[in-house]
Amino acid sequence: MTQDSHSLFGALFDTPASKRVVPVLVPLPVPEAYSYAVPEGMAVEAGSVVQVPIGPRQHIGVVWDEPEARGDDKSFDPRKLRAIEQVFDCPPLTKDMREFIEWVSAYTLSPPGLVARMAIRAPAALEPEPMIEALRFTGGEPDRVTPARQRVLQTLEEDIPWTRSGLAHAAGVSLSVVDGLVKQGLFETVFLPPPPVVAVPDPDYVAPRIDGPQKQAASELVEAVQTAGFSASLIDGVTGSGKTEVYFEAIAEALRLGKQVLILLPEIALTSSFLERFQDRFGAKPAEWHSDLAPRMREKVWRGVVTGEVRVVAGARSALFLPFEELGLIVVDEEHDPAYKQEDRIFYNARDMAVVRARIGLFPIVLVSATPSVESQVNGQSGRYHVVHLPTRFGDAAMPDLHLVDMRRHPPAKGGFLSPVMLRAIGKTIEKKEQALLFLNRRGYAPLTLCRVCGHRFQCPQCSSWLVEHRFRNQIQCHQCGYSEKTPEACPECGTFDHLVACGPGVERIAEEVERHFPDARTIVMSSDLLGGVKRMRLELEAIAKGEADIVIGTQLVAKGHNFPLMTLVGIVDADLGLANGDPRAAERTFQLLSQVTGRAGRTGLKSYGLLQTYQPQHPVMQAIASGDASAFYEREIGEREKALLPPFGRLASIIVSADTRLDAETHARGLRNAAPKMSGVTVLGPAEAPLAIVRGRHRFRLLVHGRRNSDMQGFLRAMLSSGPKPRGSVQVQLDVDPQSFL
DNA sequence: AGCACGCCGACT
DNA sequence: GTCGGCGTGCTC
């Protein structure tokens, strides 16, 4: 085989005599594309989605670009060369998409084929949907005209094709009436294109309902969309300030310019209320994309995206890898949300990768948050992102009055967890027939159970964490690995009955305390382990919104999305929870969570309050929340990060070490750390820095590596991965850095 | 990621 | 003597 037969350009115009060979990215963890022969008469180009044989099986791959320099042709045995099996009848991945895949692969240190696989994960969608069979009236008279037949003929007056069942339904007759007419040859069979997945959104469906600062902000974004090229904007505005309405205008403009739009949302925020807001503005819902989309729907949306039929997708992080035909705008809502981080096989932060995708595609991206991440805040300050402030609440939504409850001065009664201040506020609220929300980010009854006789603590047999008692379910559960067992009646250590004691509060225990104080109030607990699943949860949320509960006690899941018009008191039971868990972002996360929860109150003009129980009223997080001014908090966080070399000033990589047993994982993690060369600017933190987790039966440790320069980090990590004591297939790396700085 | 090959322990 | 554990290597 000659060198030039490798050239794609040459191959396209080649004589049939020489065999054409193209690189194909295959879904295997190998560092580069494999070579495949293109059979006679098969038309493929870079980006084509193909089926190729790998060993005994067939896989889906993507024809890739020729490497620019073919100097050191790492020749494999040419006798191994096999041919592409088939090309799928769908548009090839665009040049931008291919470049994006390569970038993500290099950045995340993951094999390019596995990254590419994320973009083509809807196998059955690779072939066009079959046309649907329809009947077209060709004229003529039936032998006998019955009333039912008459109705069909009337329905047919407009000369449009009908499906068999559609016609029967429209005419109000049974299928057999239609079949009878078909038998008499009154119809011809025609084929119609399949119906669109979603209706096309209309940018001018309604006039934008914004004014003042919102209008100004919207016009800045619209201008960014009109200006061809990359730009990044950060919309920074409190809950209820009209952020969504503002970015809807940017979307409208992108649609007017004939571009596709991607809205990224944290998984949990993909609620019907968001879709309805979109529909109210654009007259149609966006296509959805998330992990539990029905397979059939997934295929349709994927196909619609790649053909350009779908104009707007609202999706969770994986939607970022959809192969859009002409993407022209990305919106990342709740950009600070940790749900954008994927930590499974391919490690990436969809928010950061979205910035990269916009940069490669030369179009604008809009990041949106009431509580921007520190990274984005820094990018805003340095001018890399254009910051759009939305200072006020929109319409009549007033900010709640926020107060700290110093628990040292107002301690709860013995055996309780709610301060008298909090209890009084709850009492007043329900007296006014308004609703109170109590937030505690801890499921179950109590986080720790111990035996009063021997001091035995209930610990998970699979990992190191405590077992959490769940009274509703009569279970004790491990919140790390999911282990659970029936709550024992006697201590397993000393056998004593009735001497087990619960330590600390969970939402169930707070509910018990609330019911003791307010026996007549309608109290409801919202937690992810609510019996009855998602369906019951949705009903409960609706009931709460309608005022069918007085006091709601909930975990994190009440923090997002849902609006409760009668909610005028938000009480945080333990505002300090999560501040001291070893996570370098603990303060930031706590600030974001508390802002989000207190933002649930006061969205309808009723005077509303937020109370935060804390033992650390002077803590910067508490001060930021209470004062409503976060600037000092951000300054401090930025300073801390600078000192600790955390993003965005240094690089932070997580090396996840996983093994079948805890001991193995620990040993491997130590081994990696000890093997770490003393490289300048790179520091390795020990396994103790991160909590142990068990994922799909594998024990995981996280090693954190700090460094200042990306090249140092990558060099170091590559060295670690290739030379370290590598337990096979069980070391994964996530680079947690700001991508803008080295685009 | 799968899958085959290959080398050491407990058994019909 | 084998069955089967999972360590190692390969897939164009």
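Numbers restart at 1 for each chain; the letters A, B, ... are given by sequence-line order, proteins then strands.
- In this structure, A:Y348 has its ring center at least 6.0 angstrom away from the ring center of A:Y107.
- Taking atom CG on A:D77 and atom P on C:dG9, their separation rounds to 19 Å, with Å as the unit.
- Regarding A:L28, its CG atom lies at a distance of 10 Å from the C1' atom of C:dC10, rounded to whole Å.
- Backbone-only engagement by A:P53 is indicated by non-hydrogen atom pairs under 4.0 Å involving sugar-phosphate atoms exclusively.
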A:E335 and A:S376: CA distance, side-chain angles, deciding distance, side-chain hydrogen bond (donor to acceptor under 3.5 Å, both in side chains) verdict: CA-CA 9 Å; A:E335 66 81 30; A:S376 296; 2.8 Å; yes
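- Between the CZ atom of A:R79 and the P atom of C:dT11 there is a distance of 12 Å, given to the nearest Å.
- Separating the NE2 atom of A:H59 from the P atom of C:dC12 is a distance of 10 Å, rounded to the nearest angstrom.
- Closest approach to the A:K80 side chain among B:dG2, B:dA1, C:dT11 is made by C:dT11 (side chain taken as heavy atoms from C-beta onward).
- Residues passing the side-chain hydrogen bond (donor to acceptor under 3.5 Å, both in side chains) test with A:Q58, sequence neighbours excluded: none.
- At whole-Å resolution of the value, CG in A:L25 and C1' in B:dA1 are 15 Å apart.
- Rounded to whole Å, the distance from CD1 on A:I346 to C1' on B:dA1 is 11 Å.
- For C:dT11, neither phosphate oxygen OP1 nor OP2 lies less than 4.0 angstrom from any side-chain nitrogen or oxygen of A:R57.
- Set against C:dC12, B:dG2, C:dT11, the side chain of A:V30 has C:dT11 as its closest nucleotide.
- One can place CD of A:Q58 at 17 Å from P of C:dT11, the figure rounded to the nearest angstrom.
- Spacing between atom CZ of A:R117 and atom C1' of B:dA1 amounts to 7 Å, rounded to whole angstrom units.
- Partners of A:Y36 by ring-ring contact (aromatic ring centres under 6.0 Å, His included), not counting sequence neighbours: none found.
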